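Numbers here are sequence positions counted from 1. Predicted model only: the values in this text are computed from it and were never measured.
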Amino acid sequence: SLRGVDIAAQKLKALGQRNQVIPLSVGGAFHSPLMQSAEKVLTQAIQEAEMRPPICPIYQNYSARPHQDDIDLIKENLIKQLTAPVKWSQSITAMLKSGLHSFEECGPGEVLTRLLKKIRNQYQQEKTS
């Protein structure tokens, strides 16, 4: 809750950690246990959805691994993504390791593009050292 974040921020400031709490403007508590109340409805919708095997590997944020043939696993991971932390940098690193190098960001803003650039730079540095 926001009250919990405020209390944590005050305690951190009291300990001298002034720059450690940065409030984010988000639409919901996605990818956290706070979304458990939506899990039942989401599970039903995903289980009822007709899905065919994708034509290319799907990197899901829950596992940070490519999935293509196991529709049941893809559905299970979609459900788990609701309350599990996002493995964004691990997903991007896995894509880079597999040889993927071209990315497109869909939607407003360029937050993911900037994160991708940082992850790609770090991956290149680790690869050359």
Closest contact, heavy atoms only, Q68 versus P54:
O-CD, 3.0 Å
If hydrophobic clusters are built from ILVMFWY residues whose side chains come within less than 4.5 Å, do I55 and L73 share one?
no
From I92 CD1 over to Q90 CD, what is the distance, rounded to the nearest 0.5 angstrom?
10.5 Å
How far apart are the closest heavy atoms of F103 and M95, and which atoms are they?
CE2-SD, 3.5 Å
Within 6.0 Å of CD in Q47, more than 12 heavy atoms from elsewhere
yes
Does the side chain of Y123 come within less than 4.5 Å of K97's, by heavy atoms?
yes
Whether over 12 other heavy atoms sit under 6.0 Å from R65 CZ:
no
Report yes or no: do L42 and I71 belong to one cluster of Ile/Leu/Val/Met/Phe/Trp/Tyr joined by side chain heavy-atom distances under 4.5 Å?
yes
Do you know which two heavy atoms are closest between P57 and P66, and how far apart they sit?
CB-CB, 3.7 Å
Please answer: with hydrophobic residues joined when any side-chain heavy atoms are less than 4.5 Å apart, are L100 and L115 in the same cluster?
yes
Could you state the interatomic distance from CD1 (I79) to NZ (K40), rounded to the nearest 0.5 Å?
13.5 Å
How far does NZ of K75 sit from CD of E48, to the nearest 0.5 angstrom?
9.0 Å
In this structure, would I46 and V41 fall into the same cluster of hydrophobic residues linked by side-chain contacts under 4.5 Å?
no
Tell me, with the steps shown, if K11 and I7 meet side chain to side chain contact (heavy atoms under 4.5 Å, CB included).
CA-CA 6 Å; K11 288 183 179 188; I7 292 168; 3.9 Å; yes
From CA spacing to verdict: side chain to side chain contact (heavy atoms under 4.5 Å, CB included), Q124, L96:
CA-CA 10 Å; Q124 293 296 338; L96 292 169; 5.8 Å; no
Do you know which two heavy atoms are closest between S102 and R120, and how far apart they sit?
N-NH2, 4.5 Å
Inter-residue atom distance Q81.CD - E76.CD, 0.5 Å rounding
11.5 Å
Could you measure the distance from the CG atom of N77 to the NE2 atom of H67? Nearest 0.5 Å is fine.
4.5 Å
On a heavy-atom basis, which atom in N61 and which in S91 lie closest, and how many Å separate them?
OD1-OG, 3.6 Å
CD (E105) with more than 12 external heavy atoms under 6.0 Å:
yes
Would you say the side-chain atoms of Q36 and T83 include a donor-acceptor pair closer than 3.5 Å?
no
Joint hydrophobic cluster, Y62 plus L82, side-chain heavy atoms closer than 4.5 Å
no
Distance (rounded to the nearest 0.5 Å) between S89 OG and Q122 CD
7.5 Å
